[in-house]
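Report on the following structure.
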2 protein chains.
Amino acid sequence: MKAQELHGHLDALLLAVLEQGALHGYAIIESLRARSEGSLDLPTGTIYPALRRLERAGYVASTWSTVNGRERRTYELTDSGRRALAGERAGWHEFQLTVGRFLDPGSSSTTPA
Amino acid sequence: MKAQELHGHLDALLLAVLEQGALHGYAIIESLRARSEGSLDLPTGTIYPALRRLERAGYVASTWSTVNGRERRTYELTDSGRRALAGERAGWHEFQLTVGRFLDPGSSSTTPA
DNA sequence: GATCGACAAGTAGCGTAGCTACGCATGAAG
DNA sequence: CTTCATGCGTAGCTACGCTACTTGTCGATC
């Protein structure tokens, strides 16, 4: 799929990935690719700036470590980030419902199963 | 909801609205507002440029008419637009599925058919 | 008869966010 | 020695929706 249509939901995805445990940037990219079965193959130029955004916002915290002579910046979800993720989840569901009303065939009324 | 997160899906919504019949810009805005129960209250500065984009792309065709001394540009879905809508629907479903894998709580990973 | 609000269209300029295309560095493999 | 995978990062571009504004008619109110 075209990953560029993530607009506005990338942050939520990153928080969701980090919810399962701290990861460094490169591993996050691989995790997204794995869990989406290859659908989400995001370039570093997308992920790294996004992570810094999230850190500036206080949703994640990073720590440097050296593994095999390679510098790694490991990101971890903060409490604030956990709350943000909950909000993102709620926003996603509303978004999904609203757009689905127009794009899904038979889900007309407000009656989710 | 914050409408700015429509990113990439606005076109699909517009095509979906026009699928049910030709409408002019202002009426499209009202239709979106009505069918979304007020969630989508999009400004003209969003809709009109989007419609012209769709027209340039050949997905809609417009005709001028005058009603009560007021100029109306009525937009109609073209065959190409209908095909595009089908594609947008498919894209939406994949998007929904992919993001849902991360943001929905209990949706299993491999989606058994 | 002036003004206000709903209707109806449109543009200019802005900010955000993801993408492309780079650069830098290490270690393993050929 | 070159290439590839790992790992971080930035600069510049583009697309898109938003804010704020303009133009104009019509009906109602002041």
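Proteins come first, then strands; the chains are lettered A, B, ... in the order of their sequence lines, and each starts at number 1.
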Between P of D:dG17 and OH of B:Y48, the distance in whole Å: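 Atom-to-atom, B:Y48 to D:dG17, this comes out as 16 Å.
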
Taking salt bridge (Lys or Arg N to Asp or Glu O under 4.0 Å) as the definition, give me every residue that meets it alongside A:R73, ordered by chain and number, with sequence neighbours left out. none

Tell me which residues in residues 58-65 of chain B lie within less than 4.0 Å of DNA chain C, going by non-hydrogen atoms.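 Heavy-atom cutoff 4.0 Å gives B:W64.
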
Between [options], which nucleotide has the shortest distance from any of its atoms to the side chain of [X]?
X	options	result
B:R52	C:dA8, C:dT11, D:dC8	C:dT11
A:P43	C:dT20, C:dG10, C:dA6	C:dT20
A:R72	D:dG7, C:dC7, D:dC16	D:dG7
A:Y26	D:dG9, C:dA17, D:dT6	D:dT6

I'd like to check the side chain to side chain contact (heavy atoms under 4.5 Å, CB included) partners of [X]; sequence neighbours left out, ordered by chain and number.
X	answer
A:Q20	A:R35
B:T44	B:I29, B:Y48
B:A90	none
B:D79	B:R82, B:R83

Restricting both atoms to N or O, compile the protein contacts to nucleotides 25-29 of chain C shorter than 3.5 Å, with distance only.
residue: C:dT26; atom: O2; partner: A:R70; partner atom: NE; Å: 3.2
residue: C:dT26; atom: O2; partner: A:R70; partner atom: NH2; Å: 3.1
residue: C:dG27; atom: O4'; partner: A:R70; partner atom: NH2; Å: 3.2

Using a heavy-atom cut-off of 4.0 Å across all strands, would you classify B:G25 as base, sugar-phosphate, or nothing?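 Answer is sugar-phosphate: B:G25 comes under 4.0 Å of backbone atoms only.
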
Give every residue pair that meets the salt bridge (Lys or Arg N to Asp or Glu O under 4.0 Å) criterion with at least one member in residues 51-66 of chain B, sequence neighbours excluded. B:D11-B:R53

Hey, could you give me each pair passing side-chain hydrogen bond (donor to acceptor under 3.5 Å, both in side chains) that has a residue in residues 23-33 of chain A? Not counting sequence neighbours.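 For residues 23-33 of chain A: A:R33-A:D41.
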
